[in-house]
Amino acid sequence: MLAEYRSFDEPTLGAWSLDTVVYRAPGGGLLDVAHDLAALAEARTGAGWRELFDRRAGARGYPDRSGVWGKREWVLPAIDEQHILTLGEGNTQLLPVPRLGRELGLASLWIKQCGHTHTGSFKDWGMTVLVSQVNRMRRLGLAKIAAIGCASTGDTSAALSAYAALAEIPAVVFLPADKISIAQLVQPIANGAIVLSLDTDFDGCMRIVQEVVEALPIYLANSMNPLRLEGQKTVAIEIAQQLGWELPDWVVVPGGNLGNVYALYKGFAMMRELGVVDGPLPRLAVAQAARANPLYRAFQSGFEDVQPVKAGTTFASAIQIGDPVSMGRAISALRATRGVVEQASEAELLDACARADRTGLFTCPHTGVALAALEKLVGAGTIKADERVVVVSTAHGLKFTDSKVAYHKGDLDGSARLDGLAARHRNPPLGVEAKLGPVVDALRARLGI
Ligand SMILES: *Cc1c(COP(=O)(O)O)cnc(C)c1O
């Protein structure tokens, strides 16, 4: 077996084929995809893998050109190329952002643009793997699967809907009514998914979808499903690859359901294990919205007291999760990397977004949470000025314009949850009479000339 499911907490409990429909280990624990590392080490040296991955990253055709499938031996080693469904995920920019770095007091700051993908969030990296594996099982007659379903704060459903449409497999998405952006809602609608808008929050949708997949032959696509993490893992590999096969000192990532932070850890650990990189693993910093901060609270207690919270409304709607499925996975990743958790208030995340946008970026609120947390970690001396830092940007800013529009228009003043909003980067449009004189006056005032 090149790769198989194992219990996350107790790997010796047994192994299950990736060609079966299974979401939990006996006893209810989470699963992990375990790779045959000895076979991978036998197949190529670290330098050999680097050379293969570099060659594929520059390839002209798919699936090699996909950042995920260019690393397919580490992702789904048994899949046939004909079953792979790709929308060109991965191979995204790792941008140096020197101006923002200087403002934050960092000599080497990078943004990994994980949301510059087909559906505008990092969810594509994992969904391509899950839907391709379901496609394989259906095509080979290995499992009876009528549809693929997920609960979502918006981005997972968009990714599922796109890949399922590509695969000609029905998609069913469970969304919390009125809690996602219009751009997120229209994506599954446009891609032909069955959209169920439920009068509850994400955690409520998640509970229902888990019951539905017991009652109907619908395959569960939430990140409890470890297949998605295998694709997301390649973000870590790509970061190292883009740094010339070196590791950064820190990776800062916004966390909600907490699958992504574990996936990053897994990618870094696997590279080191197989001799593709060496040196210490990057320290991971998870950033949470203060209004949905169960991991932050757990971290404060040294992971002694781990409890769900009732998530409050936040502009970082994709991480408005009080009871994260991958809490245990995240804690293990943080322990293994001497990781930390920081939080950001609504005011802090909006100001952080606006500040980054002033340097030419166009950040989503979740990336704002990460940047606000980074600022605090630098301020506290946890992250040092000379350390190399990568911030994982999880979605395209164009998917989340509501909060930016409100910020710049000044529509947010007076909202209690925005206490402390400095709004010093506010830039409202100037209403000027359509005549030369007033226009010149306005420009003189603004430019100071
Ligand atoms: C899903 C999502 C997250 C959170 O990722 P987790 O793996 O659930 O922690 C963060 N930002 C955006 C934009 C997302 O869509």
Side-chain angles (χ1 to χ4, degrees), residues 30 89 92 111-127 130 150-160 162 173 175-176 179-181 183-184 187-188 202-203 205-206 221-233 235-236 251-267 284-289 292-296 311 314-331 333-334 339 341 343-344 349 353 362-371 373 391-401 403:
L30 293 174
E89 53 292 317
T92 65
I111 303 275
K112 178 59 179 168
Q113 295 285 29
C114 295
H116 288 193
T117 59
H118 184 75
T119 72
S121 87
F122 81 82
K123 300 298 198 291
D124 292 18
W125 301 67
M127 201 57 79
L130 182 141
C150 73
S152 175
T153 51
D155 290 330
T156 302
S157 53
L160 171 60
V173 306
L175 298 172
K179 291 197 175 67
I180 67 171
S181 76
Q184 289 175 312
Q187 287 180 296
F202 169 81
D203 295 304
C205 289
M206 191 66 221
N222 278 98
S223 63
M224 160 198 190
N225 186 320
L227 290 174
R228 283 184 39 207
L229 306 182
E230 291 306 298
Q232 290 169 212
K233 179 180 83 180
V235 169
V251 175
V252 187
V253 59
N257 227 355
L258 304 177
N260 208 24
V261 58
Y262 174 68
L264 289 167
Y265 160 68
K266 193 172 178 187
L284 297 174
V286 178
Q288 291 211 293
N293 63 353
L295 184 67
Y296 176 78
T314 166
F315 285 112
S317 54
I319 56 174
Q320 189 175 319
I321 296 176
D323 190 6
V325 150
S326 292
M327 181 68 104
R329 289 171 172 153
I331 291 173
L334 290 170
V341 186
Q343 65 175 359
L349 80 88
C353 272
F362 195 71
T363 50
C364 76
H366 323 87
T367 306
V369 170
L371 290 170
V391 172
V392 171
S393 174
T394 47
H396 200 300
L398 286 172
K399 243 176 140 167
F400 295 92
T401 50
S403 57

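Worth knowing before you read on, the calculation uses all heavy atoms, side chains too, and leaves out hydrogens, waters and symmetry mates. Order of listing sets the numbers, starting from 1, for every ligand and every atom in it.
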Please tell me if the side chains of Asn222 and Val325 come closer than 4.5 Å, counting only heavy atoms from C-beta onward. no
Residue pair Ser393 / Thr363, side-chain heavy-atom distance below 4.5 Å: no
Nearest protein heavy atom with distance in Å, relative to atom 12 (C) of ligand 1: Thr394 OG1, 3.3 Å
Under 3.5 Å between any N/O of Leu258 and any N/O of ligand 1: does that happen in this structure? yes
Can you find a heavy atom in the side chain of Met127 that is under 4.5 Å from one in the side chain of Asp124? no
Contact check, side chains of Cys150 and Ser157, non-hydrogen atoms, under 4.5 Å: yes
State, yes or no, whether a side-chain contact exists between Thr119 and Asp155 at a heavy-atom distance under 4.5 Å. no
At under 4.0 Å between heavy atoms, is it the side chain or the backbone of Gln232 that contacts ligand 1, or both, or neither? neither
Please tell me if the side chains of Phe122 and Val253 come closer than 4.5 Å, counting only heavy atoms from C-beta onward. no
Students should be able to answer this: which protein heavy-atom is nearest to atom 2 (C) of ligand 1, and at what distance? Lys123 NZ, 2.4 Å
With heavy atoms of Gly259 as the reference, note each atom of ligand 1 found under 4.0 Å away. 6 (P), 7 (O), 9 (O)
Can you confirm, on distance only, whether ligand 1 has an N/O atom lying under 3.5 Å from any N/O atom belonging to Gly255? no
Looking only at distances, can you tell me whether any N or O atom of Phe400, backbone or side chain, sits closer than 3.5 Å to an N or O atom of ligand 1? no
Closest non-hydrogen contact found for Asn257 with Asp323 is OD1-O, 4.2 Å
When you measure from atom 10 (C) of ligand 1 to every protein heavy atom, which one gives the shortest distance, and what is it? Ile319 CG2, 3.4 Å
May I ask you to check whether Asn260 has an N/O atom sitting below 3.5 Å from an N/O atom of ligand 1? yes
Could you check atom 5 (O) of ligand 1 against the protein and tell me its nearest heavy-atom contact, residue, atom and distance included? Phe122 CZ, 3.4 Å
Is there side-chain contact between Trp125 and Asn260, with heavy atoms separated by less than 4.5 Å? no
Ignoring hydrogens, just give me the one of Leu264, Val325, Asn257 whose non-hydrogen atom is nearest atom 8 (O) of ligand 1. Asn257
Quick one: which ligand 1 atoms are inside 4.0 Å of a heavy atom on Ala395? 13 (C)
Taking the side chain as everything from C-beta on, heavy atoms only, tell me whether His118 gets closer than 4.5 Å to Glu89. no
Got an N/O contact under 3.5 Å between Asp155 and ligand 1? yes
